[in-house]
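Convention: sequence-line order gives letters A, B, ...; per-chain numbering from 1. No experiment lies behind these values; they were computed from the predicted model shown.
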There are 2 protein chains.
Amino acid sequence: MSPQATARPTLREQQLKLREDVILREVNALLAEKGYDLMTVDEVAARVGIAKPSLYKHFESKEALAAAAMVRLLERTRAAIEAQPADAAPIDRLKGVVRWALHEHLRGQMPSLPSTRSTLRDSLVRHPGYIDLLIDVSDRLGAWIADAQRKKALAPRLPPEAILYTLFARACDPVSDYLKLSGNFSDDEIVDLVTATCFDGLAARRD
Amino acid sequence: MSPQATARPTLREQQLKLREDVILREVNALLAEKGYDLMTVDEVAARVGIAKPSLYKHFESKEALAAAAMVRLLERTRAAIEAQPADAAPIDRLKGVVRWALHEHLRGQMPSLPSTRSTLRDSLVRHPGYIDLLIDVSDRLGAWIADAQRKKALAPRLPPEAILYTLFARACDPVSDYLKLSGNFSDDEIVDLVTATCFDGLAARRD
DNA sequence: GTCTATAAATCGATAGAC
DNA sequence: GTCTATCGATTTATAGAC
């Protein structure tokens, strides 16, 4: 053990942070698997390998647990946005983010959008960090959308917010689940299919 | 009161059927509003205006209640399919069904798709009438899809089942909820927007 | 900080009187 | 068939020992 181990509280804090990250990863997977309402705190504790009261030492409630997991998801989303090549056309950067989200979804790591009538939604809007991050992510995507519409790569007539909502919704589109369940497609094919129908539509194109 | 009133048991059966229809309408609305897991049997009874045990005289469990409501929804879907003009192009008939579903959604009458990991899904596949109706509806839509692809109105490269799943998914697309929540669009505009992005995609079209 | 044990509330389902 | 009252199971959350 290093001499700083007892002197600095930082190491312990790092361990704490590490454990909380394990917790949030499991919460994220459970949110994707069964949603907020069906996820039980007992199950989270069991998967992490600790007792339930220990979990409540880290997070004060089930809602706080889910909110923290959603914040983490938004942070990873922002990272995916920043990872897009700066020299690519804005529409291709948008496609890249959608493809990243679809891959996460197929890996069972993408919780559904907080439904407009969900229990979770109310507590999320009260969570300070969540709204800020959501606005940040929306602003970055919104800038690309406006840019792509100016370049006439995205349909100029569509309201930008309709495009933004559609991109968010495709990230947890049940279509990918059903395609996966059919067993006729690989994950890459499913990502290609959903991305294509999202941007190009179901109707045939002449261009 | 007609003379047959006491002689025939049919009248009482009609009243029974009528009450069950009221129940299923409320269940349908509640399924659309909060989903199967958050819907409580107490709430259904309260909305119908009867006590919970009375509800259990009509339906033996919460699952049976939801399954009956989903069957009723599929029957109305089949009716909407049959209501499409026979002389219209197949792609326009498909659009007509999607538009009907979106209007139902905006009226709060369209439950979400039974998620691949839902509690409800397992009991639905065991319900005899449900699967038959689902196959019937899928077959009718599938015939139109094949027809539209032959005529090159729908993208010929897309797997027909991907198109079918996409149409089902758009009926309960959360995008419509968020557009409605924004308050910037009328119901008709939302239906137009979602239908357009579904068939034409987000990317600009030259045709 | 982690555990065992339990409180408090909710929900699906039923017993039994009318 | 409809009601009041209640059971049994599940789940969130906490008390208290270590």
Side-chain angles (χ1 to χ4, degrees), chain A residues 1 5-6 8-24 26-27 30-31 33-69 117-124 126-127, chain B residues 5-6 8-24 26-27 30-31 33-69 118-124 126-127:
Chain A
M1 208 177 278
T6 49
R8 284 213 229 159
T10 345
L11 202 76
R12 174 163 283 279
E13 280 178 9
Q14 280 183 4
Q15 283 183 344
L16 208 85
K17 184 78 182 167
L18 211 65
R19 166 153 304 203
E20 290 190 353
D21 208 61
V22 174
I23 294 173
L24 291 186
E26 290 299 333
V27 170
L30 275 170
L31 283 180
E33 193 178 320
K34 42 210 312 185
Y36 176 75
D37 299 304
L38 258 59
M39 176 188 84
T40 70
V41 181
D42 293 84
E43 208 170 356
V44 176
R47 284 219 202 174
V48 177
I50 60 176
K52 184 162 49 172
S54 308
L55 208 55
Y56 276 94
K57 297 286 180 182
H58 292 279
F59 301 93
E60 66 174 353
S61 68
K62 183 185 176 183
E63 287 188 350
L65 202 57
R117 56 254 179 198
S118 162
T119 322
L120 182 57
R121 192 186 146 83
D122 296 336
S123 67
L124 281 181
R126 281 194 302 270
H127 199 88
Chain B
T6 50
R8 286 211 227 161
T10 347
L11 202 76
R12 174 162 282 280
E13 281 177 11
Q14 280 182 4
Q15 283 184 343
L16 209 85
K17 185 75 181 173
L18 210 67
R19 166 154 301 205
E20 289 190 354
D21 208 62
V22 173
I23 294 174
L24 291 187
E26 290 300 332
V27 171
L30 274 170
L31 284 179
E33 192 178 321
K34 43 212 306 185
Y36 177 75
D37 299 304
L38 258 59
M39 176 187 84
T40 70
V41 181
D42 294 83
E43 207 170 356
V44 176
R47 283 221 203 173
V48 177
I50 61 177
K52 185 161 52 169
S54 308
L55 207 57
Y56 276 94
K57 298 285 181 185
H58 292 279
F59 301 93
E60 66 174 352
S61 68
K62 182 186 179 183
E63 287 188 350
L65 203 58
S118 161
T119 323
L120 182 57
R121 191 186 147 84
D122 296 335
S123 67
L124 281 181
R126 280 194 303 272
H127 199 87

[X] [atom1] - [N] [atom2] separation (whole Å):
{"X": "B:Leu18", "N": "D:dG1", "atom1": "CG", "atom2": "P", "value": "14 Å"}
{"X": "B:Phe59", "N": "D:dG1", "atom1": "CZ", "atom2": "P", "value": "13 Å"}
{"X": "B:Tyr36", "N": "C:dC11", "atom1": "OH", "atom2": "P", "value": "14 Å"}
{"X": "B:Asp37", "N": "D:dT12", "atom1": "CG", "atom2": "P", "value": "13 Å"}
{"X": "A:Leu120", "N": "D:dT12", "atom1": "CG", "atom2": "P", "value": "13 Å"}
{"X": "B:Leu38", "N": "D:dT12", "atom1": "CG", "atom2": "C1'", "value": "15 Å"}
{"X": "B:Leu55", "N": "C:dC11", "atom1": "CG", "atom2": "P", "value": "15 Å"}

Could you give the distance from [atom1] ([X]) to [atom2] ([Y]), rounded to the nearest 0.5 Å?
{"X": "A:Glu26", "Y": "A:Asp21", "atom1": "CD", "atom2": "CG", "answer": "11.0 Å"}
{"X": "A:Thr119", "Y": "A:Leu124", "atom1": "OG1", "atom2": "CG", "answer": "10.5 Å"}
{"X": "A:Ile23", "Y": "A:His58", "atom1": "CD1", "atom2": "NE2", "answer": "4.5 Å"}
{"X": "A:Arg47", "Y": "A:Leu30", "atom1": "CZ", "atom2": "CG", "answer": "4.0 Å"}

- prompt: Counting N and O atoms only, with roles assigned by atom type, does the side chain of B:Lys62 sit under 3.5 Å from a partner on the main chain of B:Met39, one being a donor and the other an acceptor?
  reply: yes
Check against side-chain contact (heavy atoms from CB on, under 4.5 Å), B:Phe59 and B:Val41: CA-CA 11 Å; B:Phe59 301 93; B:Val41 181; over 6 Å; no
task: Please check the phosphate of D:dC3 (OP1 and OP2 only) for any side-chain N or O of B:Ser54 closer than 4.0 Å.
output: yes
message: Can you see if the side chain of B:His58 gets near the phosphate of D:dT2 - specifically, an N or O under 4.0 Å from OP1 or OP2?
response: yes
message: Quick check for you: among D:dT2, C:dC3, C:dG12, whose closest atom lies nearest to any side-chain atom of B:Arg19?
response: D:dT2
Heavy-atom protein contacts under 4.0 Å, nucleotides 13-18 of chain D, coded B base, S sugar-phosphate only, - none: BBB---
